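Have a look at the structure below before the remarks.
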Amino acid sequence: LNKDIVIGMDIGGTVVRLGAFTCAGEPVEMREAPIEAARGPQFGLERIASLVQSVIEKLHISNFGTGTGVNIHSKDGGNLVGIGVGCTGPLDLIRGTINNPYTLPTWEDVPIVDFLVDRFGVPVSLENDADAAALGEYWQGAGRDVQRLCAVTVGTGIGTAYILHGKIVRGNGGWHPEGGHMIIDPSGPKCYCGGSGCWESLSSGSAIARVARELVQAQPDKAKTLLDLNAGDFSQITAKSVAQAARQGDSLASEVIDRAAEYFSLGIINIIMMLFPDVIVLSGGVMESFDLFKPTLEKAIRRHEVMLPANQVEILPASLGYHAGVYGAAFLMVNQ
Ligand SMILES: [Zn+2]
């Protein structure tokens, strides 16, 4: 019986999640704790180390100790193979550092890989969180063993990842491609990335909320349900409440969702035309309302069956939820 354990963690803007798995992908422990980024990276790193330590102790697995270089054998002989880390970028994958003061205030040039190697004496790997989540879905989720898997996460922004034969496809210099910033409509809104009309500026959760706020402000009488859901305050409107109002028959909310669904479909069509994957796995808060996007998407796919049998691309909701990143980070160490 192979008792080797891999640990995966997902460092997000608010929470660090950690899971220990057998190399066959069976989860054996899950933990999470607030990251409290504002308290500084040293605080965060110590919190992460104590989560790892607590799992090591609970599972009686051995690692190489705190820099002693001596392998402490466990009672039942299991070994910690390594620790995979998924984190919200920008990251320097070559130096193993997190440089993300945007989502993790104070976290500039934080050497997460060196810190964990020094502390636990095992191999450590760092990966962009969108790529890690896609790998997780490939390993144990909706895209299990799919040879050409594209993952699209629609939340505050839009993230994309491509897994080809079980490996993340990276750009030159290890950069993570940013499919959310492909241009869908050059006459669209300006994006912080320097472009205009990027996919995420047209169909992400923030785009849906922004368009709804603008329209409601102009025609409040057309959006009674949506306003009621937000205590009459248009500035409180979220993408989730727009979807909810659309379900309840609010015509303005439906108009906003339909428009976002058109733009969403164009992005998916671009992916199909560029990559023609076997499967596209959808995740993120906005995709919890995928049923509202689906009719528009299916229509768009039917329009694009001239060059390719676009309807053969399976479009599936992700199945691991917010644990996908933890699974994928662990898989980095299985698949070294
Ligand atoms: Zn952009």
Side-chain angles (χ1 to χ4, degrees), residues 11-14 86-93 98-105 107-108 127-134 150-163 168-215 235 237-240 242-243 256-275 277 280-290 293 296-297 300 304 315 318 324-325:
I11 306 174
T14 50
C87 186
T88 159
L91 312 171
D92 185 330
L93 297 181
I98 298 169
N99 191 17
N100 187 356
Y102 320 102
T103 340
L104 291 162
W107 284 52
E108 282 175 68
E127 197 52 75
N128 175 283
D129 58 351
D131 282 333
C150 186
V152 175
T153 307
V154 188
T156 313
I158 296 182
T160 58
Y162 187 45
I163 310 291
I168 296 163
V169 176
R170 291 197 186 77
N172 183 12
W175 285 87
H176 167 75
E178 292 290 349
H181 295 273
M182 67 173 141
I183 293 160
I184 297 289
D185 175 6
S187 68
K190 270 230 158 292
C191 176
Y192 64 92
C193 75
S196 290
C198 302
W199 197 18
E200 78 164 42
S201 71
L202 295 166
S203 56
S204 66
S206 12
I208 290 169
R210 187 197 66 236
V211 172
R213 284 177 205 140
E214 286 166 8
L215 292 182
S235 72
I237 291 173
T238 58
K240 196 173 180 173
V242 177
V256 174
I257 293 286
D258 289 348
R259 199 195 296 186
E262 284 291 345
Y263 289 129
F264 172 75
S265 303
L266 291 178
I268 295 291
I269 295 293
N270 285 350
I271 288 174
I272 291 175
M273 291 299 156
M274 275 297 278
L275 302 173
I280 299 176
V281 173
L282 303 173
S283 62
V286 173
M287 287 296 108
E288 283 167 20
S289 307
F290 178 59
F293 289 67
T296 308
L297 178 61
H304 286 83
I315 299 181

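Note: hydrogens, waters and symmetry copies are ignored here, and every other heavy atom, side chains too, is used. Order of listing sets the numbers, starting from 1, for every ligand and every atom in it. One-based numbering along the sequence shown. Here the structure is a predicted model, which is why all the values come from computation and not from measurement.
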Polar side chain donor-acceptor pair, T156 to S206, under 3.5 angstrom:
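Checked: T156/S206 side chains show no N/O donor-acceptor pair below 3.5 Å.
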Answer with yes or no after comparing the ring centroid distance for H181 and Y192 against a 6.0 Å cut-off, counting only values under it.
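Distance test on ring centres: under 6.0 Å, yes.
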Is any protein N, O or S atom closer than 2.8 Å to the Zn ion (ligand 1), and if so, which?
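The answer, once waters are left aside, is H181 ND1, C191 SG, C193 SG, C198 SG.
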Minimum heavy-atom separation for L202 and A207, please, with both atom names.
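The pair with the smallest heavy-atom distance is C-CB, 3.6 Å.
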Taking all non-hydrogen atoms of both residues, which atom of K190 and which atom of S196 are closest, and how far apart?
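What the structure gives for the nearest pair is NZ-OG, 3.5 Å.
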Using atom types as modelled and distance alone, determine if a side-chain donor or acceptor of S201 lies under 3.5 Å from a backbone N or O of C198.
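At least one qualifying donor-acceptor pair exists.
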What distance do L297 atom CG and I268 atom CD1 have between them, rounded to the nearest 0.5 Å?
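These two atoms lie 6.0 Å from each other.
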